[in-house]
2 protein chains.
Amino acid sequence: MSTKNKILDAAEHLFAVNGFNGTSLREITSQAEVNLAAVNYHFGSKKELIKAVMSRYMNELSPRLEKTLKQICDDDKKPTLIEVFSAFVEPLLWLNQFKENGTSNFLQLLGRGYTDSQGFLRWFLTTQYPGVISNFVEAVYKAYPELTAEEVFWRLHLTMGTVIFTMSSSGALIDIAKSDFDKNIDISGVIQQVIPYIAAGVAAPIIPSNA
Amino acid sequence: MSTKNKILDAAEHLFAVNGFNGTSLREITSQAEVNLAAVNYHFGSKKELIKAVMSRYMNELSPRLEKTLKQICDDDKKPTLIEVFSAFVEPLLWLNQFKENGTSNFLQLLGRGYTDSQGFLRWFLTTQYPGVISNFVEAVYKAYPELTAEEVFWRLHLTMGTVIFTMSSSGALIDIAKSDFDKNIDISGVIQQVIPYIAAGVAAPIIPSNA
DNA sequence: AAGCAGTTTAAACAGATGTTTAAACTACCG
DNA sequence: CGGTAGTTTAAACATCTGTTTAAACTGCTT
């Protein structure tokens, strides 16, 4: 395995667990068993390494997500919200075949990017992968045209929060499910819990503005 | 204003914006206009300062939350989920009178505690304020007894994620609402968007386990 | 005025951080 | 074989981190 990939693998794991700020280059390079200077040699800086870790996943996810969302919207009959959100499941779970623990690692990284260094993830997604968001918004609008653009905006942000936050701590949740309820679930079990919740949330009755 | 309070105010603001790891004692003490050593003199360590910042809010919130939740559950008729979640609104908004930007600051701090140093918030809430959580779980159970304990666990975690994550970035969301939709909303406007969403999410139809 | 507990101050501490340097090593090509 | 581009290495760099120290200062009581 190349030095570059050894670094990416170690960084991905440590970033997911301890966050970007909480992970030092020395931790990364010693876990990857490469020299400290290798990060700066191959990636230029720590910031560029973070981008590289995120891009490796987004480049896998982006085309698959586009495909499943198109499949749903190209049909003549309008999709249900459950179908729209389920369109994320297959691409996300595929990350587990792309890399071990790929799904939860990626979702954890998303959460870190949102909270660690403010605005980084927003910049990263909107500038590097603008199609993903617009496709998604369009799909939700087709499924639920009664919502105004403003309401779609709010509910998608709430959904993003639910998913990212939950997945960031999915490891802990899986442990609790085992110890408290004696249930062995994995990441797809978590997703099964999430989808009806967010679908119902997005489909919630609209509150009159002057109530 | 006492040195102790100057430190608490500066720390609260910086912690909320940049996280616990992302804020140094030198930033805090220079913004508070006190000597660097003052933190260790008055609080002992940075970790104790973090606890003190959180406790200042929790000590205000905890009794009010207990009161509003009790009000709902003591009635003979069972509460609705909207009522249960609305019980959080008044205590949370009261933090704005307790301190300027108190509500959003506190909710941002909650989000930081959840993601910054893993497990800290969980330890903090369960050991220092166990009543808050159990009261809440009981209220949800009364409002929606069809849910199993396991389902309540999942949906409350999803709800916590939604609320904390959204409120952490509520500042950015308020800005977007203004620029993209020309709507001037404040923190209570955000809460108004959140409540129907999470109430619908918790009340979502239960998925058969062998589907 | 003297003493004293509580507080503030500047300076230093040891350790960790991201980054850079220059020398050493490696493999391939002429 | 010699040379050269790409890579790895150990060491050092400057800067930042939380914490500690000992001296100075404060307001109060005896």
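Lettering of chains follows the sequences in order, A, B, ..., and the numbering in each one begins at 1.
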Atom-pair distance ([atom1] on [X]; [atom2] on [N]), nearest Å:
| X | N | atom1 | atom2 | value |
| --- | --- | --- | --- | --- |
| B:R26 | D:dC16 | CZ | P | 9 Å |
| B:L14 | D:dG18 | CG | C1' | 16 Å |
| B:F43 | D:dT20 | CZ | C1' | 18 Å |
| A:N5 | D:dT7 | CG | C1' | 16 Å |
| B:I7 | C:dT8 | CD1 | C1' | 11 Å |
| A:N40 | D:dA11 | CG | C1' | 15 Å |
| B:E48 | D:dT19 | CD | P | 10 Å |
| B:N21 | D:dT17 | CG | C1' | 12 Å |

To the nearest 10 degrees, how far apart in direction are the end axes of the helix from C:dA1-D:dT30 to C:dA23-D:dT8, each fit to five base pairs? 20°
Starting from the C-alpha separation in whole Å, work towards a yes-or-no answer on side-chain contact (heavy atoms from CB on, under 4.5 Å) for A:W154 and B:V190. CA-CA 9 Å; A:W154 279 105; B:V190 178; 3.8 Å; yes
Give a yes-or-no answer on whether the side chains of [X] and [Y] include a donor-acceptor pair shorter than 3.5 Å.
| X | Y | answer |
| --- | --- | --- |
| B:T148 | B:E151 | yes |
| B:Y144 | B:T80 | no |
| A:T3 | A:Y41 | no |

Considering every strand and a 4.0 Å limit on heavy-atom distances, what is the contact class for A:T29: base, sugar-phosphate, or nothing? nothing
Which part of the nucleic acid does B:S2 contact within heavy-atom distance under 4.0 Å: base, sugar-phosphate only, or nothing? nothing
Verify the ring-centre separation between A:Y141 and A:F136: is it less than 6.0 angstrom? no
Does [N] have its OP1 or OP2 closer than 4.0 Å to a side-chain nitrogen or oxygen of [X]?
| X | N | value |
| --- | --- | --- |
| B:N35 | C:dA10 | yes |
| B:H42 | C:dG6 | no |
| B:S24 | D:dT17 | yes |
| B:T3 | C:dT8 | yes |

Quick note, A:Y41 side chain, CB onward, closest among C:dT17, D:dT8, C:dT19 is D:dT8
Nearest to side-chain heavy atoms of A:L25, which nucleotide of C:dG18, D:dG18, D:dT17: C:dG18
Step by step, would you call A:L92 with A:L95 a side-chain contact (heavy atoms from CB on, under 4.5 Å)? CA-CA 6 Å; A:L92 280 175; A:L95 297 178; 4.3 Å; yes
Can a salt bridge be assigned to the pair A:K4 and A:D9 using a cut-off of 4.0 Å between side-chain N and carboxylate O? no
More 5' along DNA chain C: A:A37 or A:G22, using each one's nearest nucleotide? A:G22
